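Notes to accompany the following structure.
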Amino acid sequence: MNIRIGDIVRFISDKLEGKVTGIIDNNTVNVYCDEYGFEIPASVNNLVVIHSDSNTTKTVSATSASGQKNVVMESADTLYIAFVPENFNNLTESRFDIYFVNDTTQTSLYSISFHDGEKYTGITAGNCNPNTTYLIGNYSLKEIDTIKAIHVQSVFYQKGVHVLKNAIDTQIKVTPVNLCKAGAYKHTRWFNSTSLLRPLDKESIVKEEGLETIPEQFLQKMPHKTEDTSHKETPKQSNSNIIEIDLHIDKLLDDTTGMENKDMLDYQMDVFHKTLEQYKLRRGQKIVFIHGKGDGVLRQRILWELQTKYKRFNHQDASFKQYGYGATMVTIK
């Protein structure tokens with residue numbers, strides 16, 4: 001089947017549609033599911049084209065941003081951290097330029113540190129002129145995974161009469177998974193290629209799903225988390241030494257009021273990740289994740305994680321007799 005970048009495709013095995021954003025090899029493509037905000041690799045044998053642009057070519061440069069959400073900026077008076085991939089066509093293998101962007105009318109006196117979860121490491125500091133970008137460095141996904149978070153502190157200066165701006169003291173989380181979401185990249189006026197922008201102040205109104213920025217002043221005011229008594233997720237161990245994790249949202253939470261589909265999917269994936277982390281050293285342990293058939297979104301997301309982040313674990317469809325098509329079994333290796 002001739003599948004090209006830009007084609008709208010439907011999964012044969014699941015009730016799932018998306019847009020082809022990249023060609024991995026002759027048998028595999030990346031598909032971005034706009035409704036759920038993530039990208040997954042898919043076999044061309046499991047896809048059927050439901051709409052194709054005859055002018056679309058295999059190269060990404062002419063098509064990569066056409067189907068992406070526009071960035072809505074009601075205030076341009078802000079700072080950003082920008083991620084610019086060297087190879088948008090293969091984000092999982094690409095290196096990334098990380099930039100500090102000053103989209104204000106004042107000079108930014110900045111300090112940037114990386115946080116590895118335990119300590120802060122100073123990377124650079126200096127002055128960034130108005131409407132200017134500064135290259136922090138070039139990193140692989142493996143290197144970015146060790147960074148965990150980027151901490152930015154900035155005060156602003158402008159000679160003469162000017163409007164005072166609040167100082168910025170912000171830490172943003174950095175995860176390879178978010179950097180591999182093709183739909184999060186957009187064309188901006190600062191770079192020739194597409195980039196992923198992370199706003200650094202609370203006044204910026206940049207509407208992007210799935211990207212989290214946490215100003216330090218908010219973290220200091222947040223109450224300590226109390227034990228979440230609303231979640232019901234408890235591993236069940238069958239007689240055959242197989243641990244069962246039911247990921248149906250009604251089995252995990254008593255109340256989903258106010259949660260959107262993406263919020264519930266994120267919660268389900270959080271349970272999935274925590275379970276694998278809990279048992280990652282127990283070799284030979286079998287874990288069945290019950291995700292149901294549904295529209296296939298949760299199943300596809302789990303398979304993507306297993307094929308990319310947890311390659312050393314074996315996975316297969318769980319017993320059809322016991323679970324039907326609605327479960328995946330993972331064996332810890």
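Computed from a prediction, not measured in an experiment: that's the story for all the values here.
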Exercise for review: Please check if the side chain of Lys148 supplies one atom and the backbone of Asp145 the other of a donor-acceptor pair under 3.5 Å.
Suggested key: yes
Review point. Leu306 versus Phe272: any side-chain heavy-atom pair under 4.5 Å?
Key: yes
Check your understanding: Quick one: CD1 on Ile123 to CZ on Phe114, what's the gap to the nearest 0.5 Å?
Key -> 4.5 Å
Review point. Okay, side chain of Ser94, backbone of Glu86: is any donor-acceptor separation there less than 3.5 Å?
Key: yes
Practice item. Take atom CZ of Arg283 as the centre, draw a 6.0 Å sphere, and report whether it contains more than 12 heavy atoms from other residues, nucleotides or ligands. Key: no
**Study point:** Side-chain donor or acceptor of Gln158 paired with backbone N/O of Val163 under 3.5 Å
**Key:** no
Point to revise | Note, Leu298 side chain near Gln300 side chain (heavy atom, < 4.5 Å) | key: no
**Study point:** Thr170 side chain vs Leu200 backbone, donor-acceptor pair below 3.5 Å
**Key:** yes
Check your understanding: Is any side-chain heavy atom of Ile287 closer than 4.5 Å to a side-chain heavy atom of Phe313?
Key -> no
Review point. Rounded to the nearest 0.5 Å, how far does CD1 of Ile136 lie from CD1 of Ile112?
Key: 3.5 Å
Review point. To the nearest 0.5 Å, what is the distance between CG (Leu196) and NZ (Lys186)?
Key: 6.5 Å
Exercise for review: Spell out, as yes or no, whether a donor-acceptor pair under 3.5 Å connects the side chain of Arg10 to the backbone of Ile50.
Suggested key: no
Review point. Is any side-chain N of the basic residue among Glu277 and Lys280 closer than 4.0 Å to the acidic one's carboxylate O?
Key: yes
Review point. Under 3.5 Å, side chain of Arg198 to main-chain N/O of Lys173, donor-acceptor pair present?
Key: yes
Practice item. Indicate the atoms forming the closest heavy-atom contact of Asn102 with Asn129, along with that distance. Key: ND2-O, 3.1 Å
**Study point:** Approximate separation, where rounding is to 0.5 Å, of Phe100 CZ and Leu79 CG
**Key:** 4.5 Å
Study note, to complete from the structure: CG (Asp103) and OG (Ser108) are apart, to the nearest 0.5 Å, by 12.0 Å
**Study point:** Side-chain touch Asp97/Leu135, heavy atoms, less than 4.5 angstrom
**Key:** yes
Check your understanding: Quick one: are Phe156 and Ile168 in side-chain contact, heavy atoms under 4.5 Å?
Key -> yes
Study note, to complete from the structure: On a heavy-atom basis, the closest approach of Asn138 and Glu143 is O-OE1, 4.1 Å
Review point. Measuring from Leu252:CG to Ile245:CD1, what's the distance to the nearest 0.5 Å?
Key: 9.0 Å
Review point. Does any N or O in the side chain of Thr132 come within less than 3.5 Å of the main-chain N or O of Pro130, such that one atom is a donor and the other an acceptor?
Key: yes
Exercise for review: Give the intermediate values and the outcome of side-chain contact (heavy atoms from CB on, under 4.5 Å) for residues Val297 and Arg299.
Suggested key: CA-CA 5 Å; Val297 174; Arg299 175 177 178 271; over 6 Å; no
Check your understanding: Quick check, are the ring centers of Tyr99 and Trp190 under 6.0 angstrom apart?
Key -> no
Review point. Going by atom types only, do His248 and Asp250 share a side-chain donor-acceptor pair under 3.5 Å?
Key: no
Exercise for review: For residues Tyr139 and Gly137, report the shortest heavy-atom separation together with the two atoms involved.
Suggested key: CE1-C, 3.4 Å
Practice item. Consider only side-chain heavy atoms of I, L, V, M, F, W and Y, link residues closer than 4.5 Å, and tell whether Phe191 and Tyr80 are in one cluster. Key: yes
Practice item. Take Asp169 and His151, measure what side-chain contact (heavy atoms from CB on, under 4.5 Å) needs, and give me the verdict at the end. Key: CA-CA 8 Å; Asp169 189 354; His151 190 99; 2.7 Å; yes
Exercise for review: Give the intermediate values and the outcome of side-chain contact (heavy atoms from CB on, under 4.5 Å) for residues Leu253 and Met264.
Suggested key: CA-CA 9 Å; Leu253 294 171; Met264 291 185 278; 5.7 Å; no
Practice item. Kindly say whether Tyr110 contributes a backbone atom to a donor-acceptor pair with the side chain of Ser154 at under 3.5 angstrom? Key: no
**Study point:** Intermediate values then yes/no, side-chain contact (heavy atoms from CB on, under 4.5 Å), Tyr267 and Thr256
**Key:** CA-CA 11 Å; Tyr267 190 91; Thr256 58; over 6 Å; no
Practice item. Using side-chain hydrogen bond (donor to acceptor under 3.5 Å, both in side chains) as the criterion, point out the one residue from Lys333, His273, Glu305 that pairs with Tyr310. Key: His273
Point to revise | Sidechain-backbone polar pair: Thr275 side chain, Val271 backbone, donor-acceptor under 3.5 Å | key: yes
**Study point:** Heavy-atom side-chain contact between Met269 and Ile302 under 4.5 Å
**Key:** yes
**Study point:** Same cluster (ILVMFWY, side-chain, under 4.5 Å), Val330 and Leu303
**Key:** no
Point to revise | Heavy-atom closest contact (Arg282 atom, Ile243 atom, distance) | key: NH1-CD1, 4.2 Å
Check your understanding: Taking C-beta and beyond as the side chain, do Ser195 and Val101 meet within less than 4.5 Å on heavy atoms?
Key -> no
Review point. How far apart are the closest heavy atoms of Leu91 and Phe88, and which atoms are they?
Key: CG-O, 3.6 Å
Point to revise | Closest non-hydrogen atom pair, Val155 against Ala167 | key: CG1-CB, 3.8 Å
**Study point:** Side chain to side chain, Ile290 and Gln322, heavy atoms closer than 4.5 Å
**Key:** no
**Study point:** Side-chain donor/acceptor of Gln285 to backbone N/O of Asn241, under 3.5 Å
**Key:** yes
